[in-house]
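Below is one structure, written out as structure tokens; the observations come after it.
Quick note on labels: first sequence line is chain A, next is B, and so on, each numbered from 1. As a basis for the values below, the full set of heavy atoms in this structure was taken, side chains included, without hydrogen atoms, waters or symmetry mates. All of these numbers come straight from a predicted model, not from anything done at the bench.
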Amino acid sequence: MDVLYFAWVRERIGLPKEQVVTSAATVLDLVEELKAREERYAAAFADISALRVAVDQELTDFDAPLAGAREVAFFPPMTGG
Amino acid sequence: MDVLYFAWVRERIGLPKEQVVTSAATVLDLVEELKAREERYAAAFADISALRVAVDQELTDFDAPLAGAREVAFFPPMTGG
Amino acid sequence: MRVVVQEAAFDAGAELNAFSAGLGNMGAVVSFTGLVRDVAGGLAGMEIEHYPGMTEKAIAAICEEAMTRWSLGDALVIHRYGALAAGDTIMMVATASRHRVDAFQAAEFLMDYLKSRAPFWKKETTGQGDGWVAARDEDEDALTRW
Amino acid sequence: MRVVVQEAAFDAGAELNAFSAGLGNMGAVVSFTGLVRDVAGGLAGMEIEHYPGMTEKAIAAICEEAMTRWSLGDALVIHRYGALAAGDTIMMVATASRHRVDAFQAAEFLMDYLKSRAPFWKKETTGQGDGWVAARDEDEDALTRW
């Protein structure tokens, strides 16, 4: 599965995209796996209320299932317009 | 006093502007004077609820006083924009 | 603040760009453009009559009211009179503010007041003859929200 | 309906004119233009990051929602990403309708959703360094009215 990071999440983790092999059932499970890896992930995901997530390019919640997902993206609240 | 007519009021009365010598105390008094003149005025002013009036280029009501007024204008509801 | 009442055509896009270029520190620009539309089909043209002298004063007063009600960096109104054809630009309004809500609200306010309080009258010409455009009750009612 | 996400600068006035020219029978056009503003003074520039692929889809979905909610003849969204300078045009929205209320409402709806639901992130560069622009609570709250 491709995992993408944008804005300050990308900066904290230090890369825009990576391939992750996971059997995480939900977005939140994936976040817990990533946080357990390294301090930079733990720092980026310390407060998920400050984050948003998209699964296959659709905004969703952290309890969304990951079955069949090809792409998960984490980022702060958007500031377009 | 200058009396001005716009849009279909102008068309019914048949002129855009005329000088009127009057001692009418209010706009309504002036309207009654004009209606008494000729049929075309009576036709134009038949239903004053369909008309608007400005005294010295400020929108006002038909019971507005005319003391000191230099210019009175009659017209239908505006359709700008 | 700029109010223009003119017979000549104008370039709404060029006006929008000039308005935006002069703003300094305002990030939000809203514009409204009104075009002659051929509702029923067969419109040959439109003639807009106005009240020279009162028109400019009435629009300036509406703009000043908008500037006091909202936090605006600038406001622009251009309104034509005389003969227009289907598709022609009749008028435009532009407003600028720091946050978009002010610019949107002020532009709607300006339009609501221009529709019913600025002395313009539209006459449509069709193959069946001429007719003065009737004021819409909705336009008068729109003023009650401000 | 046209959605453009691009790095290059664009001419908002020319886009407004092209949009208005293609409308046929719609008399009301509303546009919103967002400019880079230097709120605190000393802004060196802005960098806008986005999510290629999702961005276009998210904006198209927002536009389609607007087209179903209001009676619109057309809608346009152009949004830039990459490096911008103070005063640059970041994005624009345009809507067209027969009566002005639809165009105004739809433009405000598009802006409210673009602000908080299209995947763009702004970073400001000043003499004191870089900083991501924080989302405003008002922008999130604005969505509740639709």
With a 4.5 angstrom heavy-atom cut-off, is it the side chain or the backbone of [X] that approaches chain A, or both, or neither?
X      : answer
D:A61  : neither
D:K115 : both
D:R136 : neither
D:A118 : backbone
D:K123 : side chain

(Q) Distance to the ring centre below 6.0 angstrom and angle to the axis at most 45 degrees; does that hold for A:R37 and A:Y41? (A) yes
Whatever's closer than 4.5 Å to a heavy atom in chain D on A:A7 counts as both
So, the part of A:P76 with a heavy atom under 4.5 Å from chain D: the answer is both
Highest number of heavy-atom pairs under 4.5 Å with chain A among D:E49, D:M111, D:K57, D:M92 belongs to D:E49
Inset, instruction - Answer yes or no: is there a donor N or O on one side and an acceptor on the other, between the side chain of A:E38 and the main chain of A:R40, under 3.5 Å? - result: no
Is a side-chain N or O of D:D11 found less than 3.5 angstrom from the main chain of D:G13, in a donor-acceptor match?
yes
Taking NZ, NE, NH1 and NH2 as the nitrogens, is one of them in D:E15 or D:R2 under 4.0 Å from a carboxylate oxygen of the other?
yes
Taking A:E39 first and then A:R12, would you say they form a salt bridge - that is, a charged N and a carboxylate O separated by under 4.0 Å? no
Once you measure the plane-to-plane angle for D:W146 and D:W70, does it fall in the parallel (<30°), tilted (30-60°) or perpendicular (>60°) bin? perpendicular
*asked:* Please verify the inter-ring angle class for D:Y51 with A:F75; under 30° counts as parallel, over 60° as perpendicular, anything in between as tilted.
replied: perpendicular
With chain D, the option among A:R10, A:E71, A:Q57, A:R52 that has the most non-hydrogen atom pairs under 4.5 Å is A:Q57
